[in-house]
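As the structure lists them, so they are numbered: ligands from 1, and atoms in each ligand from 1.
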Amino acid sequence: MQAANTNYPHKIRSESEYNETYQRSVTDPRGFWAEIADHFHWHRKWDSVLDFNFDEPKIEWFKGAKLNITENCIDRWAKSHPDKVALLWEPNDPSESHRKITYAQLLQEVSNWAKVLKSRGIGKGDRVCLYMPMIPELAFAVLACARIGAIHSVIFGGFSPASIADRVKDASAKAIITADSVMRGAKKIALKDIIDSSLEDCTVEAVIVFNRNKDTVEMKEGRDFWYSELVERLDLTAIEPAEVMDSEDPLFILYTSGSTGKPKGVVHTCGGYMVYTNYSFLNVFQYEFDDVYFCTADIGWITGHSYILYGPLSAGATTLMFEGIPNYPSPSRFWEITDKFKVNQLYTAPTAIRSLMSCGLDQFKGTDLSSLKVLGTVGEPINKEAWEWYFKYVGKEQCPIVDTWWQTETGGILISNLAGITKHKSTYATKPLPGIRPALMNDKGHRHPLSQANLSKANTQKLQGNLVVEFPWPGMIRTVWGDHERCKQTYFSAYPGNYFTGDGCFKDTDQDYRITGRVDDVLNVSGHRIGTAEVENAINACENVIESAVIGYPHPIKGEGIYAYIICQGEVTQSAVNDKIKDIIGPIAKCDKVQLVSGLPKTRSGKIMRRILRKIASGEKSWGDASTLLNPEVVDEIWKNRVV
Ligand code: WT7
């Protein structure tokens, strides 16, 4: 096994090195990525660095190479630094003990879980869904899947049984890994019961249950197994060998919302994803080998996959996992954890920052935060006030903030400053990482002529347009599980020859990018991505509802709130609507405002004019001319009765 290098030779260490590296990465992308990929442990090297065609699309990185990502994330560090802490874990309840898991222990645990999965007949290519609390066993189980070549699909703990069933069915999962329950703040969520209800509607061969809270749960004979009982029967002495995978074999599926009804299973593969999450982690956060890194995301989202698990572990980092929520038992919790573990890099979301901002400055009493070197933000545009508060009160004006723009589909961070290396700028994600070629498209569907040019004072106008990426990078989406055509339609059809992000963007005279948010019918509520069509489908399933339209509006803490306009016959209450949404999607998609209307503004071809509804939802009367609508009279009625 290739020795792990703790000096991180491919970490950029100055602004000029960034400029030089970026240039090289776009003039010789294959040579550039091959050099980085050389630092990993491969059973066999690639025949070709990159083959691609964005029309099909076909994207193949390191074709012909053989590897297992867990050997890169665990074995090589367990060998060189067995006693280094890989995972730190802080429980929901601060009076319960924290845990420290070294690389040697991580290897043993992942091996044990791998053996348990194999003992239930799970192997390479099988899909395994995970519905787990944020506990080390979730990390073990995810990595165990990767070790045996099973494709993991982690489902966020906030999804309802119906949403889980959709995902289990779509992936035809063979097994589910879950736990009895989880405490989030003071609230208990009975995970195993939720899994039982979701399985009324679909079948899996095995449900493996980890006992987190010592609850008594119902176990179905022949289907449900306690992890502790399965592992007890096995001989655990020898470490389970890693399955040798092809670079382009799927590593995981992660479902995310789009502008149409059904969530899409985004597929990432082994080799490219490993190289990209490692490279972006080291460079954006400027991680040094002895640092303690804390990402507050949930592993149910891509941020947790790439920047709690794979990125940090592939770099031999110490990564902290937190089971709880920011304001439990008090808004000081993140700061207490930071001091307790001497956290050096903290990575969180604007919505968490805004909610803590509203709790006053007493939360910092008795905390010191002097270990912090880097702050990160992700998930939605960060507003100036939140950025400044984060910089001043958390970073004490000493820490660069990395505003990291990326998506489930991109696998890793594409646009961000590099901490302390390139400049940060409030509300700007700033510059593309090496290897990333963003461009802006104008409304005629063409690349903006100045898209790649250096904007000078002579062409002072900020460029604005739809953000695309012109060239592949190793961490990008390969397909939508079971629906390659949908992958093509969603990402590669709007601007042929480019990957379309779905985001709007500005570029200023410093050549810095600022992401303005989604340009499609996707909402970003507290950093959670939710399709308007999904919410509308749930509302339309309510009794008495005839039609609905769901719109996002600016919300001081959540970023976007959900406003629903509903046409109904008879009575429909907001709580009935939200109960239905909770059942069909989960509590994260509940509506903040519900307005009953007699009609929805429609074009003559029958399309809902969302632009007008968006204006009304944000309290603006400037929707312009409505006279070409099929039913202009309805607009005044909606405005008069709007919910404020
Ligand atoms: C959407 C992707 C990336 C992991 C978490 C979300 C928005 C993400 C930023 C940022 C402005 C951002 C975009 C993107 N977004 N990061 N730094 N600044 N917007 O992943 O659930 O796939 O959502 O989140 O709109 O398209 P996701």
Note: ligand 1 atoms sitting under 4.0 Å from heavy atoms of Arg529 are 2 (C), 21 (O), 22 (O), 23 (O), 27 (P)

Under 3.5 Å, N or O to N or O, is Asp403 touching ligand 1 that way?
yes

Salt bridge or not between Asp510 and Lys423? Use side-chain N to carboxylate O under 4.0 Å.
no

Note: ligand 1 atoms sitting under 4.0 Å from heavy atoms of Thr404 are 9 (C), 10 (C), 16 (N), 17 (N)

Only residue of Leu375, Val394, Ile382, Ile557 satisfying side-chain contact (heavy atoms from CB on, under 4.5 Å) with Ile353 is Ile382

- Item | Trp406 to ligand 1, any heavy atom closer than 4.0 Å | yes

query = For Thr377, is at least one N or O under 3.5 Å away from an N or O on ligand 1?
reply = no

**Asked** Hey, is ligand 1 close enough to Thr303 that some N/O pair sits below 3.5 Å?
**Response** no

| Taking the six-membered ring of Tyr18, is the NZ or CZ of Lys431 close enough (under 6.0 Å from the centre) and on axis enough (within 45°)? | no

Review point. Which word best sums up how the rings of Tyr276 and Trp33 line up, parallel for under 30°, tilted for 30 to 60°, or perpendicular for over 60°?
Key: tilted

Margin query: Any donor-acceptor pair under 3.5 Å linking the side-chain atoms of Asp520 with those of Ser259?
Written below: no

We want to know whether Glu536 and Ser548 form a side-chain donor-acceptor pair, criterion being a heavy-atom distance below 3.5 angstrom.
no

When Glu409, Glu560, Glu534 are each screened for salt bridge (charged side-chain N to carboxylate O under 4.0 Å, His left out) with Arg529, the one that passes is Glu409

Mind telling me whether Tyr393 and Trp389 have parallel, tilted or perpendicular rings, with 30° and 60° as the class edges?
tilted

So, regarding Thr501 and ligand 1 (criterion: nitrogen or oxygen to nitrogen or oxygen, under 3.5 Å), is there a contact or not? no

Counting heavy atoms under 4.0 Å, the part of Asp503 that contacts ligand 1 is side chain

the protein heavy atom lying closest to atom 11 (C) of ligand 1 turns out to be Pro381 N, 3.1 Å

Between Asp512 and the options His424, Lys507, Lys425, the side chain to side chain donor-acceptor pair (under 3.5 Å) test singles out Lys425

Short version for Asn524: what comes under 4.0 Å of ligand 1, heavy atoms counted, is side chain

re atom 22 (O) of ligand 1, the protein heavy-atom contact at minimum distance is Thr408 OG1, 2.5 Å

Per-atom filter on ligand 1: closer than 4.0 angstrom to a heavy atom of Ile515 are 11 (C), 19 (N)

Among non-hydrogen protein atoms, atom 24 (O) of ligand 1 lies closest to Gly379 O, 3.2 Å

Quick note on ligand 1: atoms under 4.0 Å from a heavy atom of Ile302 include exactly 4 (C)

Logged contact type for Glu380 with ligand 1, heavy-atom cut-off 4.0 Å, is backbone

Which of Asp483, Asp166, Asp170 passes side chain to side chain donor-acceptor pair (under 3.5 Å) with Lys262? It is Asp170

